[in-house]
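Contents: one structure, followed by commentary.
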Protein chains: 2
Amino acid sequence: MRLAILGWLKEPDSFPPQDRPAHEVGVCLKHIQARAEVSQSTASQFMATLQRAGLVTCTRVGQFSHYQRNEEAIAAVARSVAIC
Amino acid sequence: MRLAILGWLKEPDSFPPQDRPAHEVGVCLKHIQARAEVSQSTASQFMATLQRAGLVTCTRVGQFSHYQRNEEAIAAVARSVAIC
DNA sequence: AGATCATATCGCAATATTGCGATTTAACGA
DNA sequence: TCGTTAAATCGCAATATTGCGATATGATCT
């Protein structure tokens, strides 16, 4: 599931419109929750886990938390898998 | 742990000698168990799991089960991770 | 300040995974 | 055939993960 979310974040603008454009600050948690069809707490925890793993970054703007892929870190994981 | 085993199998000849050369038929379960320092049942289950996942192949010769990496399948996994 | 909206955290039940000992199956040699 | 060795399977306890509802925190607006 978290993997699916990570994939969705490749097209930030495929999410509904929001105050600040998604391709700039990331996708609002609310929208991620809606697409994932999980509870708010679960969505929040998913993103917290991804953030702890370094795979996404969080930009807070006012009351909104926006999440973006950390391409650098994701590529690093891919590289480390490639040498398995 | 299973990941570590998969890595060890890249150098089959780094394991102790066995009836049939490891680079031909794969590494005997016994040797994998010894290096992993787990029980026989656990080692057997690890390899069964890797085999179900398609990441290794098993060649049985007499009473010995030999395991080899399935480079094809491993590369496929790496590729699928790369597009995350 | 008080109401409201967005998110984070806590505690928990359900489920999955890990690794083991005991037992079973299978192949070999005397 | 009997004893031995190698490996697979069964059942289980310990631990980890998943996802939730309830609650707490924090920002915004009136």
Side-chain angles (χ1 to χ4, degrees), chain A residues 1-9 12-70 77 81 84, chain B residues 1-9 12 15-70 77 81 84:
Chain A
M1 173 54 107
R2 266 161 290 200
L3 207 60
I5 295 175
L6 206 56
W8 299 340
L9 292 183
D13 293 326
S14 68
F15 288 84
Q18 52 188 41
D19 264 29
R20 301 279 297 274
H23 60 268
E24 276 178 18
V25 293
V27 178
C28 172
L29 179 67
K30 205 79 173 307
H31 297 147
I32 296 171
Q33 177 199 343
R35 189 175 294 185
E37 294 181 297
V38 295
S39 73
Q40 182 272 324
S41 72
T42 299
S44 177
Q45 275 180 115
F46 278 178
M47 301 319 293
T49 301
L50 286 173
Q51 200 181 352
R52 265 197 308 275
L55 300 177
V56 299
T57 57
C58 180
T59 308
R60 182 122 192 183
V61 178
Q63 15 177 191
F64 305 94
S65 285
H66 304 87
Y67 293 93
Q68 270 177 309
R69 288 164 58 91
N70 181 351
V77 169
V81 168
C84 277
Chain B
M1 172 56 107
R2 266 162 289 202
L3 208 59
I5 295 176
L6 206 56
W8 298 340
L9 292 183
F15 287 84
Q18 52 189 40
D19 264 29
R20 301 279 296 274
H23 61 268
E24 276 178 18
V25 292
V27 178
C28 172
L29 179 68
K30 206 69 176 314
H31 297 146
I32 297 171
Q33 178 198 343
R35 188 175 293 186
E37 294 182 295
V38 295
S39 73
Q40 183 272 324
S41 71
T42 298
S44 177
Q45 275 181 116
F46 278 178
M47 300 319 293
T49 300
L50 286 173
Q51 200 182 350
R52 264 197 307 276
L55 300 177
V56 299
T57 58
C58 179
T59 309
R60 182 124 191 179
V61 178
Q63 14 175 195
F64 305 94
S65 285
H66 304 87
Y67 292 94
Q68 270 178 308
R69 288 164 58 91
N70 181 351
V77 169
V81 168
C84 278

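Labels below follow one simple rule: chain letters A, B, ... track the order of the sequence lines, proteins then strands, and each chain is numbered from 1.
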Which part of the nucleic acid, if any, lies within reach of A:S65 when heavy atoms closer than 4.0 Å are counted: base, sugar-phosphate only, or nothing?
sugar-phosphate
Can you list, in residue-number order, the parts of residues 13-24 of chain A that come under 4.0 Å of DNA chain C, counting heavy atoms only?
none
Starting from C1' on D:dA8, measure out to CD on B:Q33 and report it in whole angstrom.
13 Å
Given atom CE of B:M47 and atom C1' of D:dA7, what is their separation to the nearest angstrom?
13 Å
Would A:R20 count as a cation-pi partner of A:F64, with NZ or CZ less than 6.0 Å from the six-membered ring centre and within 45° of the ring normal?
no
How many Å lie between NE2 on B:H31 and C1' on D:dA6, as a whole number?
12 Å
Under 3.5 Å, which N/O atoms of the protein pair with N/O atoms of nucleotides 18-21 of chain D?
from, atom 1, to, atom 2, distance (Å)
D:dT18, OP1, A:R2, NH2, 2.9
D:dT18, OP2, A:R2, NH2, 2.5
D:dT18, O5', A:R2, NH2, 3.3
D:dC20, OP2, A:S39, N, 3.1
D:dC20, OP2, A:S39, OG, 3.4
D:dC20, OP2, A:T42, OG1, 2.5
D:dC20, N4, A:Q45, NE2, 2.5
D:dG21, N7, A:S41, OG, 3.2
D:dG21, O6, A:S41, OG, 3.1

Euclidean distance, B:L6 CG relative to B:N70 CG, rounded to 0.5 Å
9.5 Å
Distances under 3.5 Å only, N/O to N/O: pair up the protein atoms with those of nucleotides 23-29 of chain C.
none

Rounded to the nearest 0.5 Å, how far does CE of A:M47 lie from CD of A:Q33?
12.0 Å
Please confirm whether the shortest side-chain N or O distance from B:Y67 to OP1 or OP2 of D:dA7 is below 4.0 Å.
no
Nearest 0.5 angstrom please: B:Y67 OH to B:H31 NE2, how far?
14.0 Å
Pair A:T42-A:S39, side-chain donor/acceptor within less than 3.5 Å
yes
Chi angles and distances behind the side chain to side chain contact (heavy atoms under 4.5 Å, CB included) call for B:T59, B:Q68:
CA-CA 8 Å; B:T59 309; B:Q68 270 178 308; 4.1 Å; yes
Could you tell me whether the side chains of A:T57 and A:R69 share a donor-acceptor contact shorter than 3.5 Å?
no
When rounded to the nearest 0.5 angstrom, what is the spacing between CZ in A:R60 and CG in A:L29?
9.5 Å
Atom pair CG/NE2 of B:L9 and B:H23 - distance to nearest 0.5 Å
14.5 Å
To the nearest Å, how far apart are A:H66 NE2 and C:dA8 C1'?
16 Å
